[in-house]
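These notes are about the structure you will find just below.
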Amino acid sequence: MRYKITIIPGDGTGPEIAESTRRVLDSTGVKIDWETTEAGIDVLQKYGTPLPENVLNSVRKNKIAIKGPITTPIGSGFRSVNVALRKELDLYACLRPCKSYQGVKSKYKNIDLVVVRENTEDLYAGVEFEVGTEESKKIIELSKGKIRNNSAISIKPISEFATERIVRFAFEYAIKHKRKKVTSVTKANIMKFTDGLFLSVAREVAKKYPEIEYEERLIDNMCMQLVQKPELYDVLVLPNLYGDIISDLCAGLIGGLGIAPGANIGTEIALFEPVHGSAPKYKGMNKVNPTAMILSGVLMLEYLGETEAAKKLEKAVSEVIKEKKNVTYDLGGTAKTSEMADEIIKKLGA
Ligand code: NAD
């Protein structure tokens with residue numbers, strides 16, 4: 001079996017970790033024909049957009065993609081390419097397993113959590129109105145004094161449809177991966193209609209899975225609980241924005257963003273990417289940890305049904321981390337990005 005897979009190296013440190021990831025995946029024995037496509041801040045001038053149509057077409061055609069991080073300007077400039085990819089391709093489920101690896105310095109041991117984040121709506125929908133526009137003035141009027149004059153406004157859509165499918169995804173994942181509990185996380189006490197809807201749909205879906213324990217937490221309490229007693233949690237299912245924030249918190253529990261992988265999954269297409277961003281201050285230095293993207297590759301191999309290769313690769317990664325000899329700066333070593341990848345390849349016996 002040969003796979004045709006789109007690779008989007010991204011920008012900042014993306015191309016460095018993507019190249020390492022590609023070499024490592026090629027050393028697993030799984031036969032992959034790579035289709036490299038360019039997106040991100042570096043191609044903006046060349047194509048007039050950070051997300052050229054050929055990138056989307058390639059992913060739609062191959063149905064599987066792996067990407068490096070892509071920069072999103074803060075406060076102004078183009079909208080997030082990462083969010084656009086997830087929305088355009090309807091990759092509704094963002095899956096972010098957080099697992100402790102021996103050898104990584106962290107305040108916690110034996111963390112094994114999975115964050116399931118809704119990927120297509122919530123405040124990420126990009127429905128925003130600038131201060132002073134006709135739309136924002138109209139919404140201010142409708143709010144009957146609840147919104148101050150001269151406010152910028154963001155809309156938070158939460159639908160029954162998207163909530164039902166993400167909560168179902170979380171329960172199906174729990175069953176498939178022999179997990180015991182799903183916790184829904186909202187702020188339904190305050191956002192009674194939006195988060196309230198997420199919560200009531202989650203309760204309904206949970207009834208269909210009596211074999212999996214179900215519980216609920218408010219997002220603020222969840223943050224504290226994760227810091228104090230992360231071992232109490234298993235699979236978390238959250239709306240988009242809370243899911244984004246909690247993912248980084250969970251990455252912190254296992255020792256940092258350098259080892260936190262992710263997947264964006266739709267009904268037909270899946271795109272794998274690390275949780276972390278483009279870490280632009282390290283661009284071109286061959287310095288950052290390639291592990292998060294390599295472990296995203298492990299998730300990709302599992303998704304493809306290449307279970308043996310996935311296991312072998314995860315074992316190779318965990319051995320390299322445990323030995324601590326050829327690891328990057330964030331894991332206490334001095335190895336370059338490419339050197340850590342070389343060591344993983346060596347462990348694969350390739
Ligand atoms: P970041 O994740 O790039 O970096 C945060 C911190 O983590 C930095 O201190 C960096 O040194 C460290 N770090 C990140 N990746 C690492 C790695 N592989 N190895 C070792 N250390 C690592 O977050 P940021 O600085 O907030 O964001 C930079 C840019 O990335 C922004 O434009 C942001 O929008 C974008 N971003 C993209 C994605 C994505 O492509 N999916 C995700 C998050 C952020």
Side-chain angles (χ1 to χ4, degrees), residues 7-21 24 37-44 50-51 55 59 65-89 91 94-96 101 104-106 115 117 119 124 126 240-241 243-265 270-297 299 317 320-321 326-341 344:
I7 184 162
I8 309 166
D11 59 31
T13 52
E16 299 154 50
I17 57 166
E19 176 55 16
S20 287
T21 302
V24 167
T37 59
E38 295 179 300
I41 207 160
D42 300 335
V43 303
L44 183 58
L51 180 56
V55 178
V59 184
I66 186 160
K67 73 175 270 293
I70 292 176
T71 303
T72 310
I74 296 174
S76 60
F78 61 82
R79 285 203 176 266
S80 167
V81 172
N82 311 303
V83 174
L85 275 164
R86 296 167 199 157
K87 276 206 81 170
E88 282 291 320
L89 301 167
L91 304 171
C94 180
L95 182 68
R96 291 176 162 179
Y101 285 95
V104 179
K105 208 171 148 214
S106 163
V115 176
R117 163 188 175 191
N119 236 357
Y124 272 69
N240 206 340
L241 182 62
D244 180 42
I245 296 165
I246 285 284
S247 299
D248 273 37
L249 191 157
C250 290
L253 298 177
I254 57 165
L257 284 165
I259 53 169
N264 302 288
I265 298 173
L271 181 149
F272 300 82
E273 63 175 335
V275 173
H276 67 73
S278 54
K281 67 180 175 191
Y282 296 127
K283 180 181 174 174
M285 293 166 74
N286 195 16
K287 184 179 167 102
V288 295
N289 191 344
T291 303
M293 190 164 174
I294 293 171
L295 289 176
S296 305
L299 296 178
V317 171
V320 171
I321 293 176
N326 284 291
V327 293
T328 45
Y329 77 97
D330 56 314
L331 299 180
T334 55
K336 301 279 184 200
T337 307
S338 54
E339 289 167 347
M340 185 163 175
I344 294 168

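Atoms within a ligand are numbered from 1 in the order they appear, just like the ligands themselves.
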Within the protein, residues bringing a heavy atom under 4.0 Å of ligand 1, chain by chain: Lys67, Pro69, Ile70, Thr71, Thr72, Asn82, Arg86, Leu257, Gly258, Glu273, Val275, His276, Gly277, Ser278, Ala279, Pro280, Lys281, Tyr282, Val288, Asn289, Tyr329, Asp330

Salt bridge Asp42-Lys283, side-chain N to carboxylate O under 4.0 Å: yes

Student check: side-chain heavy atoms of Thr334 and Tyr329 closer than 4.5 Å: no

Validation row: Thr328, Pro290 side chains within 4.5 angstrom (heavy atoms): yes

Sidechain N-carboxylate O distance under 4.0 Å for Arg86, Glu273: yes

Heavy-atom check, side chain of Ile66 versus side chain of Met293, under 4.5 Å: yes

Which residues share a side-chain hydrogen bond (donor to acceptor under 3.5 Å, both in side chains) with Asn326, sequence neighbours left out: Glu343

